[in-house]
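Let me begin by presenting the structure, written as structure tokens, before commenting on it.
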Amino acid sequence: MAYIGLLSLLAVMLGLSVILISLNWLLGPKKKEPYKTYPYECGVPLYDDTAQTTFHQGYYILGLLLLLFDIEVAYLFPWAVVYNFLGVFGFIEVFLFLVILTLGLVYAWKKEALDWQFDLESL
Amino acid sequence: MSIVALGIIIAIKVVVILAIILGIGAYLTLVERKVAAHIQRRPGPMVVGWHGLLQPLADGIKLLTKEDILPSSANFLLYNLAIVMALVPASLVFAVVPFGPEIHVFGYDIKPILTDVNIGIIMAFAFGSLAVYGVALSGWASNSKYALIGALRKAGIIISYEVVITFAALGPIMLAKSLSTYDIVMAQIHQKVWYIFLQPISFVVFVFALLAETGRVPFDIQEAEAELVTGFTVEYGGMKFGLFPLVEWYVEVLSLSSILTVLYLGGWSPINIPFVGFVDPFFFLGPWSGFIWFIIKVTILFLLVLWLHWTLPRYRIDQITTIAWKVMLPLALFNILITAFIAPLLRG
């Protein structure tokens, strides 16, 4: 029952975004010109026909670390809520958990996984 | 409470949130331009209306009457889906924001929060991290190198600060013993302390993550005007172009500032003297003073973000991810340890 408000807001926002997207098509002028839809490239012809090719980004390992740390923080949320009722037991358990987590971060740090990988050749 | 009354109450709350997103969001563009102008010692918009007060309306009409253009090599479905994926999750965050205390109107007790559920904070973070899809899809679908580079940078920033923001938020949750946004504020009122006084490290980390997630200076490298000509929005025109800055710079900053107010600044509670009590200069307004205090706190946070935006230079992308993983994440882990020691000392 509590989620009815959320679902109605979701429906309203979906409808509103579709309306806002189509308003330009409804209200704006429609004049066809050959270079109007040409992709932006600082006024020179495109170097490549498409941009959807392989592209080097330097944070692939950070993406893997995000998965690990986000799952771990999901484990910590329930503990954080009931922490005050667990006493010393809860503290020691999670302290060990956090130590192992920190060791993993230190290992990634030492292996230079936290740095930006500028290009594959230098690795 | 009858079904009809419930429906009317939900409808009013949805309309209020819509007004915040469209009305206040649009007028914040004027606030931003005025603040930026005065930081740079120029008057800003002055022509349309008194001191430019009608400028957002003029901008809106101009955006709406532009031609609808699809870049020649773009993917039609993804190009438009990106706008939906940017706007919808960012506005759903407002569903879990408590704007004030419970009020008594026409014989009904109404909480000014759309969905008061026991996992409110987790839902706020979940919707917040969905924002990356809008940017990533727009970069891929518009098929331009500028847009693609901007989108990939944004994805890099999000995957770094998503971890940081959730670890930082664990501190207040441990003190409040709840994940419900309404209960976190109530816990701060009962314990008579804003959590910013007990969680200063976590507060600073959260502010950094807020700036990074919303693409504000010093972390706005994904739309760096000088090199990427605003990155992922470069192939969009008209209202489609207008929606991206509206969502990223205004709706997301407002929603994350509201979450930050709830977690650290005591939500709708008046000025706090730690462990002594609250001082309320607006006591004569009764329960309505809570709304005033919430608006004041969010306004101050928004002006702080603007102040930083128009005075600082920006970091490089590799520096941004390095700060997140090597400075902010260890600080957040350290903060959890400290909080584990001080949480049992709090009463209530």
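Given the structure is predicted, the values throughout are model-derived calculations rather than measurements. Convention: sequence-line order gives letters A, B, ...; per-chain numbering from 1.
Top candidate by heavy-atom pairs under 4.5 Å with chain B, chosen from Phe91(A), Tyr83(A), Trp109(A), is Trp109(A). The residue among Ser22(A), Ser8(A), Ala80(A) with the most heavy atom pairs within less than 4.5 Å of chain B is Ala80(A). Ranking Trp25(A), Trp79(A), Phe77(A), Tyr38(A) against chain B, the residue ahead of the rest is Phe77(A), based on heavy-atom pairs under 4.5 Å. Ranked by heavy-atom pairs under 4.5 Å with chain A, the list Asn80(B), Leu70(B), Thr166(B) is led by Thr166(B). Contacts with chain A were tallied for Met174(B), Lys66(B), Glu67(B); Glu67(B) has the most, counting heavy-atom pairs under 4.5 Å. Of the residues considered (Thr322(B), Ile10(B), Leu92(B)), Leu92(B) shows the highest number of contacts with chain A, using heavy-atom pairs under 4.5 Å. For the set Lys240(B), Met123(B), Arg153(B), Glu235(B), the count of heavy-atom pairs under 4.5 angstrom toward chain A peaks at Glu235(B). When the candidates Val117(B), Leu337(B), Leu333(B) are compared by the number of heavy-atom contacts under 4.5 Å with chain A, Val117(B) comes out ahead.
If you measure heavy-atom distances from Lys13(B) to chain A, you find no contacts under 4.5 Å at all. Both the backbone and the side chain of Ile159(B) come within less than 4.5 Å of a heavy atom in chain A. With a 4.5 angstrom heavy-atom cutoff, Ile173(B) touches chain A via backbone and side-chain atoms both. Only the side chain of Ile21(B) comes within less than 4.5 Å of a heavy atom of chain A; its backbone N, CA, C and O stay farther away. With a 4.5 Å cut-off on non-hydrogen atoms, Ser160(B) touches chain A through its side chain but not through its backbone. At a 4.5 Å heavy-atom cutoff, the contact between Leu148(B) and chain A is made by side-chain atoms alone. Neither the backbone nor the side chain of Leu81(B) comes within contact range of chain A; no heavy atoms are under 4.5 Å apart. With a threshold of 4.5 angstrom between heavy atoms, Leu67(A) does not approach chain B through any atom at all. Only the side chain of Tyr146(B) has a heavy atom closer than 4.5 Å to any heavy atom of chain A. Within the 4.5 angstrom heavy-atom criterion, atoms from both the backbone and the side chain of Leu62(A) approach chain B. Using a 4.5 Å cut-off between heavy atoms, Val12(A) touches chain B through its side chain atoms alone. For chain A, the nearby parts of Ala155(B) are the backbone and the side chain; heavy atoms of each come within less than 4.5 Å. Leu76(A) touches chain B through backbone and side chain together, each having a heavy atom under 4.5 Å away. If you measure heavy-atom distances from Phe127(B) to chain A, the contacts under 4.5 Å come from the side chain alone. Contact annotation for Leu152(B): both backbone and side-chain heavy atoms come within less than 4.5 Å of a heavy atom of chain A. For Val163(B), the parts lying under 4.5 angstrom from a heavy atom of chain A are both the backbone and the side chain. In this structure, the portions of Phe69(A) lying under 4.5 Å from any heavy atom of chain B include both its backbone and its side chain.
Relative ring orientation between Tyr75(A) and Phe97(A) is described as perpendicular, the plane-to-plane angle rising above 60° on a 0-90° scale split at 30° and 60°.
For NZ of Lys62(B), the number of neighbouring non-hydrogen atoms (other residues, nucleotides, ligands) closer than 6.0 Å is 12 at most.
Contact check for Thr181(B) versus Ile121(B): side-chain heavy atoms found under the 4.5 Å cut-off. Side chains of Tyr59(A) and Asp318(B) form no contact here, defined as non-hydrogen atoms less than 4.5 Å apart. At least one side-chain heavy atom of Leu9(A) sits under 4.5 Å from a side-chain heavy atom of Leu114(B). Using a 4.5 Å heavy-atom cutoff, the side chains of Ser202(B) and Pro172(B) are in contact. Residues Val82(A) and Leu86(A) form a side-chain contact, since some pair of their non-hydrogen atoms from C-beta on lies under 4.5 Å apart. Side-chain contact between Thr339(B) and Leu175(B) is present, with heavy atoms from C-beta onward closer than 4.5 Å. Between Val96(B) and Tyr182(B), the closest side-chain pair of non-hydrogen atoms is not below 4.5 Å. A heavy-atom distance below 4.5 Å is found between the side chains of Met13(A) and Leu18(B).
Taking CG of Leu6(B) as the start and CD1 of Ile4(A) as the end, the distance is 6.0 Å to the nearest 0.5 Å. Here the CG-CZ distance, from Leu63(B) to Phe241(B), works out to 7.5 Å after rounding to the nearest 0.5 Å.
Here the closest non-hydrogen pair linking Asn335(B) and Ala168(B) is ND2-O, 4.5 Å. Of all the heavy atoms in Ile69(B) and Tyr79(B), the pair that sits closest is O-OH, 3.4 Å.
No salt bridge links Lys30(A) with Asp68(B); every basic N to acidic carboxylate O contact stays at or beyond 4.0 Å.
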